[in-house]
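Everything below concerns the one structure shown next.
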Amino acid sequence: MSIRNLDDLLAEGVSGRRVLVRADLNVPLDKQTGDITDDGRIRAVLPTLSALVQAGAKVVVCSHLGRPKGTPDPKFSLRPVAGRLGELLDAPVHFAEDTVGESAQSTVAGLADGQVALLENLRFNAGETSKDDAERGAFADQLAALGDAYVDDAFGAVHRKHASVHDVPARLPHVAGRLVLREVEVLSKLTGAPERPYVVVLGGSKVSDKLAVIEALLPTVDRLLIGGGMCFTFLKAQGHEVGSSLLEEEMVETCRNLLDRAPGKILLPVDVVAADAFAPDAAHDTVPADGIPSHRLGLDIGPETVAGFAAVLSQAKTIFWNGPMGVFEMAAFANGTRGVAEAITKADAFSVVGGGDSAAAVRALGLDESSFGHISTGGGASLEYLEGKALPGIAALEN
Ligand code: 3PG
Ligand code: MG
């Protein structure tokens with residue numbers, strides 16, 4: 001990668017300089033309490049932040065959280081993240097009440113060498129995500145004014161053409177942070193010459209989100225295992241009725257074409273856990289994938305499917321997994337995700353878990369993170385990387 005990285009910046013010396021770090025601190029929050037339910041993304045950026053702190057930089061961290069609509073919304077405040085970041089860094093994190101306004105300016109001006117500030121949610125500003133270059137540029141000007149150098153460590157957001165990702169690096173000396181560097185190094189092994197068999201496991205709810213990556217991966221992979229909510233559109237394409245399961249009717253034809261294009265390469269569930277309702281205590285049974293009762297909806301892959309997927313995974317030398325196999329947040333529908341995750345850890349393979357949700361599932365199910373080769377912090381970003389798309393955040397660092 002012809003990109004300057006954090007070591008290059010540190011070698012120049014950052015003591016007393018304001019270093020603006022774009023992080024992806026978009027962590028899941030408990031809907032009721034607002035508590036952070038998984039702090040993996042905060043931990044992932046610590047190596048970069050600690051290195052800057054130790055080198056005496058004035059560290060100005062910015063991030064998005066959720067998808068507020070360009071205006072402040074307390075539900076999406078980064079304040080709780082500032083608290084958690086402070087605990088993990090074992091140092092106070094000065095929180096700015098806005099992103100580029102008076103609070104941000106005075107907070108940054110008040111930083112001593114080696115201190116850290118976190119700005120309020122970037123997406124409280126319409127300019128951050130605007131499709132209009134001038135509007136994005138104007139916001140990027142304000143943001144860039146808060147730093148003397150820029151570090152992109154927000155791997156989860158590099159696929160977004162947003163001001164903080166794409167436009168700020170054009171305005172400041174810029175480098176890739178440790179996390180971005182490591183993610184790109186690892187994912188490039190998958191797009192290079194992966195050791196075979198190369199098996200990809202895809203889950204999650206929407207086929208339409210995964211279509212581009214399926215198209216791109218189909219010629220490359222040896223086997224593609226499909227579970228999660230998206231499997232029902234494929235099952236329908238095979239001619240099965242799927243009851244009231246999640247279905248993207250307009251994608252059925254596309255799924256049929258994909259199945260025809262690579263006969264035998266795509267593996268679908270042979271059994272599913274079908275429930276009366278989308279609820280943790282819903283009545284449920286395991287049924288054959290071609291026999292889902294009309295009033296029931298599939299919420300997980302069944303045990304026979306898990307065994308079949310596990311057998312394929314046990315032979316693999318390279319594995320990429322994105323997307324849960326079922327509604328793992330509900331104990332009754334977590335076995336598919338757990339079974340596949342365990343099979344991945346047991347395989348004698350280089351394994352990459354892609355995505356905020358799959359990574360959170362690994363931790364929520366209490367699996368040993370170190371038994372995976374790499375757990376990516378980027379969901380959409382890792383998929384777009386594997387698709388071979390140019391990523392605006394990476395391209396901006398190359399210039
Ligand atoms: C993610 O959660 O995938 C990243 O933080 C990007 O968030 P976004 O999909 O809202 O742009
Ligand atoms: Mg996401």
Side-chain angles (χ1 to χ4, degrees), residues 21-31 36-45 48 61-73 75-78 80-81 84-85 99 118-131 136 139-140 143 152-168 177 179-180 182-184 187 202-206 208-213 228 230 320-324 329 352-364 374-387 389-396:
V21 180
R22 175 48 160 114
D24 181 352
L25 305 177
N26 183 22
V27 290
L29 302 177
D30 185 283
K31 282 189 188 67
I36 297 166
T37 55
D38 181 74
D39 64 5
R41 280 182 164 165
I42 308 178
R43 292 176 183 276
V45 78
T48 290
V61 185
C62 62
S63 175
H64 71 286
L65 177 82
R67 291 180 177 171
K69 299 275 171 271
T71 176
D73 180 343
K75 267 204 311 292
F76 297 111
S77 174
L78 277 167
V81 171
R84 185 76 190 113
L85 179 59
T99 322
L118 175 63
L119 307 178
E120 184 53 288
N121 197 333
L122 289 159
R123 293 184 185 174
F124 287 180
N125 306 270
E128 167 68 358
T129 59
S130 175
K131 300 239 182 311
R136 253 193 357 265
F139 179 59
L143 206 50
D152 186 0
D153 218 20
F155 180 73
V158 291
H159 60 315
R160 300 294 182 213
K161 190 178 171 183
H162 292 168
S164 64
V165 176
H166 175 264
D167 303 275
V168 173
L179 176 64
V180 162
R182 161 122 180 92
E183 294 264 17
V184 170
L187 290 170
L202 291 180
S205 48
K206 289 173 101 185
S208 41
D209 283 355
K210 304 278 158 81
L211 195 64
V213 76
M230 64 189 267
F320 176 76
W321 170 37
N322 176 289
E329 298 90 342
V352 178
V353 181
D357 292 343
S358 328
V362 163
R363 291 184 283 262
H374 178 70
I375 301 188
S376 175
T377 54
S382 59
L383 290 175
E384 290 197 20
Y385 187 93
L386 294 188
E387 278 164 40
K389 277 199 191 163
L391 303 174
I394 304 289

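Computed over heavy atoms, backbone and side chain alike; hydrogens, waters and symmetry mates excluded. We count ligands from 1, going down the list as the structure has it; atoms in each ligand are counted the same way.
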What atoms in ligand 1 come closer than 4.0 Å to a heavy atom of [X]?
X	answer
G156	4 (C), 6 (C)
R67	8 (P), 9 (O), 10 (O)
D24	4 (C), 5 (O)
R123	7 (O), 8 (P), 10 (O), 11 (O)
R160	8 (P), 9 (O), 11 (O)
N26	1 (C), 2 (O), 4 (C), 5 (O), 7 (O)

* Can you name the residues that form a side-chain contact (heavy atoms from CB on, under 4.5 Å) with S63, not counting sequence neighbours? ->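 side-chain contact (heavy atoms from CB on, under 4.5 Å) list for S63, sorted by chain: R22, L25, L78.
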* Asked: Which one of R182, E183, R43 satisfies the side-chain hydrogen bond (donor to acceptor under 3.5 Å, both in side chains) criterion with T377?
  ->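 Among the candidates, only E183 passes.
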* Check whether any N or O atom of H162, backbone or side chain, sits under 3.5 Å from an N or O atom of ligand 1, and answer yes or no. =>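 H162 vs ligand 1: no N/O contact under 3.5 Å.
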* **D24 side chain reached by F155 side chain, heavy atoms, under 4.5 Å** =>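 Heavy-atom side-chain distance check fails, nothing below 4.5 Å.
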* Find out whether L383 and N322 are in side-chain contact, i.e. whether some heavy atom of one side chain is under 4.5 Å from a heavy atom of the other. =>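 Yes, at least one pair of side-chain atoms sits under 4.5 Å.
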* **Mode of R41 contact toward ligand 1 - side chain, backbone, both, neither (heavy atoms, under 4.0 Å)** =>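 It is the side chain that touches ligand 1; the backbone stays farther off.
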* Partners passing salt bridge (charged side-chain N to carboxylate O under 4.0 Å, His left out) against R84 (at least two apart in sequence or in another chain) ->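 Scan of R84 (salt bridge (charged side-chain N to carboxylate O under 4.0 Å, His left out), adjacent residues dropped) gives D39, E87.
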* Indicate whether any N or O donor in one side chain lies under 3.5 Å from an N or O acceptor in the other, for S77 and E120. =>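 Short answer, yes.
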